[in-house]
Trainee: 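For reference, the structure I am asking about is given below.
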Amino acid sequence: MKAQIQVMLFGALLATAARGEVVDKTLDAAANGQVDISNTAGTIEVEGWSKNSVRVHGDLGSNVEELIFERDGDRVTVKVKTPNNSSRNINSDIHVWVPAESSIEVTGVSADITVEAVHGALNLHSVSGDVISEAFGADVEIGSVSGDVRVKGNSKDINTSANTVSGDVILTDLAGEVKAEAVSGDLTLDGGSFDRAELETVNGDLLFKAELRKSGRLNGESVNGDVRIKFAGDVSAKFDVESFNGDIDNCFGPKAQRTSKYAPGLQLRFTQGDGTGSVSISTLNGDIDICNR
Amino acid sequence: MNDRREEELITSAGRLTEEVAPGRDLWPAIADAIERPARRPWQMSYLAQAATVLLLIGASSAVTYVMVRDTAAPIVSDGEALIVEPVSYADHHALGPKYKKAHAELEAQLQDELKRLPPDTRGEVERNLAIIRGAIAEISVALDSEPDNALLQQMLLKSYQEELSLMQHVGGLTQRVTARKDI
C-alpha cells in the first residue's frame, strides 16, 4: 500500500513537472491577415471567430522557453519556443482563436493539428501528428508524415493539396482541383465535384467516390494498392485504364483486354458520353474497379 | 574441253550429299519468330529503350532535385537582364553522376533528420522508404521482362521521383519547424 502511494505521488510529481505555465493572451489583428502558428509537440487547435483579434490559451510544457506572441503589420505569430537540443517536457497544448477570414500557416512536429471555421488559405503541416481541418472558399495545403490528414469541404471550388507518408488521406465534400499523395496510407475522396483530381499512392488503396465534371480530368495511380472509382452522376470522358498485374472490373463500357499475348497486363480504353473529360488509372499489382452507380 | 570439264563438275556434284543437317535445331526459333507479332517500325531497339528510361529517370530526378534544392538560386536578376541557368540535357552521361550526387546529398540530409524525429516516426519513414524502394525493385524486375512497357517505364520514373520527394520532404523537416526564420 505504501509503495503504491509512493508510485502515485511520484507520478503526480512527474505530471506536475511536465506541465509548466498556463498562458492566455490576446492581440489585435487584421480581419483577413496572416497568422503563423508553430508548436513542436502536443496539440494545436485553431478556431475562427468574429473578433478582429488573436487569442492564445496554452498549457506549456515545463521545458518550454517561452511563448512568442507578436504582431507585425497584418501578420501575427504564435510560437512555442523550445530548447534546441531537448525534446523532454516540451509538450504543449495551445488553442488559438483567429479572425475567421484569416489565412493561417500551422506547423508541428509531434503535434496534432485541428482547424475549425477558418475561411482563409490554410497551410497545415505536422510530422507525426494528425492534421484535421475544415475548408471553405480558400486553398488548402495540408500534410503529415505518419499522421492522418482529413479535410472536410463545403463544396465550394478550391485547390486542395494533401499528402502523407504512412497516414491516410480522407477528403470529403471538396470541389475544384485536388492533388493527393500517400506512400503506404490510403487515399479517399468521398463526395464533392472535381475539374481535376490527381491521386497517387505506392502501397495504399485509392477510393474516388465523387463527381467528375464535364471536361474534368481524373488521374489515379498506385503501385500495389487497389483503385476503386465510383462516379457520382453521369461521366463523360475518355478512359485509359491499365494494370500490369491486377484485375480490371468495370460496370460500364467494354471489358478490359489483355495488353499482350505473353504478358499478364490488362488494358481498358473507351469513350463514355461525348468524351470531353479524361480518366487515366494505372496500377502495377493493384486491382481496379470502376463503376458509375 | 569445255564438255569434259562440264562432265567432271556434274559428276562431282552428284557425289555431294543431298541434305546437310544444321549444328542445332533451328525450327523452334523460326516458329517463334513467325508467331510473334511483327515489330512496329517505330519501336526502338532494346538498348535504345533502356537508355531512354535511364535518361528519363536521370533527367527527371535531376530536375526535381535542382528545383527543390534551392528554388531561388537558378534565377538571378542584375536589375537589367534576367539570367536563367537552365538544366542541361545535352550530356546524357553526365546525368548519372548528378543524380547519384543529388541522391547521396538527400540521403545524408535524411539520415541527419531521422535522428531528430521521434522513434515511431523514424520507423514509419524508414518503413515507407523501404516500400518505395521495394516498388522500384519490383517495377525494375517487371521491366526486365517487358522493357518496352510504357506503363512500367512511367511507374519507375514516378517511383524514383517519389523516393527523392520523400527524402527531400523529410530531410530538414524538424529544422523547418523549429528554426523558422520568419519567427
Side-chain angles (χ1 to χ4, degrees), chain A residues 36-41 68 70 72 75 77-79 81-85 87 105 107-111 125-129 143-147 163-167 181-185 200-204 221-224 242-245 259-265 267 282-285, chain B residues 32 35-37 113-143 145-146 148-159 161-163 165-167 169-183:
Chain A
D36 295 334
I37 302 162
S38 169
N39 179 21
T40 304
I68 298 171
E70 59 196 23
D72 181 7
R75 181 181 292 267
T77 296
V78 179
K79 177 172 180 170
K81 189 165 171 34
T82 56
N84 281 337
N85 298 315
S87 59
E105 180 172 344
T107 48
V109 178
S110 300
H125 291 277
S126 183
V127 177
S128 61
S144 180
V145 173
S146 60
N163 65 73
T164 174
V165 177
S166 60
E181 294 175 321
V183 177
S184 60
E200 285 180 21
T201 70
V202 178
N203 268 20
E221 191 172 302
S222 180
V223 178
N224 290 315
E242 188 170 356
S243 179
F244 180 73
N245 208 22
T259 53
S260 156
K261 191 175 173 183
Y262 306 97
Q267 190 174 58
S282 58
T283 68
L284 181 75
N285 291 319
Chain B
D32 186 43
E35 204 173 326
R36 196 183 306 144
E113 183 62 35
L114 284 176
K115 292 172 196 160
R116 296 193 183 92
L117 291 178
D120 289 353
T121 307
R122 186 164 59 229
E124 286 293 303
V125 171
E126 287 169 339
R127 186 174 71 83
N128 281 276
L129 263 178
I131 286 171
I132 295 173
R133 288 166 181 166
I136 289 170
E138 204 171 354
I139 297 165
S140 301
V141 168
L143 261 174
S145 62
E146 280 195 62
D148 60 345
N149 188 310
L151 173 69
L152 295 176
Q153 291 171 6
Q154 186 189 347
M155 284 193 148
L156 185 64
L157 181 61
K158 282 271 180 73
S159 298
Q161 286 175 329
E162 189 83 36
E163 183 197 18
S165 171
L166 176 57
M167 290 164 75
H169 176 60
V170 175
L173 204 56
T174 57
Q175 284 174 317
R176 282 199 290 279
V177 176
T178 56
R180 280 176 56 176
K181 292 191 173 83
D182 56 332
I183 297 178

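Chain naming here is simple, since letters A, B, ... match the order of the sequence lines and numbering starts at 1 in each.
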Trainee: Return the CD to OG distance between A:E221 and B:S159, rounded to the nearest 0.5 Å.
Mentor: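 Here the rounded value is 7.5 Å.
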
Trainee: Mind checking the CD1-CG spacing from B:I132 to A:N203? Nearest 0.5 Å is all I need.
Mentor: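 Reported value, rounded in 0.5 Å steps: 9.0 Å.
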
Trainee: Rounded to the nearest 0.5 Å, what separation is found between the OG1 atom of A:T259 and the CG atom of B:L151?
Mentor: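 Between A:T259 OG1 and B:L151 CG, I get 8.5 Å after rounding to 0.5 Å.
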
Trainee: Minimum heavy-atom separation for B:E162 to A:V202, with atom names?
Mentor: CG-CG2, 4.0 Å

Trainee: If you measure from CD1 on B:I139 to CG on A:N224, what distance do you get to the nearest 0.5 Å?
Mentor: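 The CG atom of A:N224 is 8.0 Å from CD1 of B:I139, to the nearest 0.5 Å.
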
Trainee: Just verifying a value: how many Å separate A:F244 CZ and B:E146 CD, rounded to the nearest 0.5 Å?
Mentor: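 Between atom CZ of A:F244 and atom CD of B:E146 there are 4.5 Å.
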
Trainee: With a 4.5 angstrom heavy-atom cut-off, could you sort out which part of A:V165 is near chain B: side chain, backbone, both or neither?
Mentor: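 A:V165 touches chain B through backbone and side-chain heavy atoms alike.
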
Trainee: Below 4.5 Å from any heavy atom of chain A, which atoms of B:L129 appear? Answer side chain, backbone, both or neither.
Mentor: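 Answer is neither: B:L129 stays 4.5 Å or more from chain A.
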
Trainee: With a 4.5 angstrom heavy-atom cut-off, is it the side chain or the backbone of A:S128 that approaches chain B, or both, or neither?
Mentor: both

Trainee: Using heavy-atom distances under 4.5 Å, tell me whether A:Q267 contacts chain B through its side chain, its backbone, both, or neither.
Mentor: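 Neither part.
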
Trainee: Does any backbone or side-chain atom of B:L166 lie under 4.5 Å from a heavy atom of chain A? Answer side chain, backbone, both or neither.
Mentor: side chain

Trainee: Heavy-atom distances under 4.5 Å only: say whether A:S222 touches chain B with side chain, backbone, both or neither.
Mentor: backbone

Trainee: Side chain, backbone, both or neither: which part of A:S243 has a non-hydrogen atom closer than 4.5 Å to chain B?
Mentor: backbone

Trainee: Relative to chain B, which segment of A:N285 carries a heavy atom at a distance below 4.5 Å: side chain, backbone, both, or neither?
Mentor: side chain

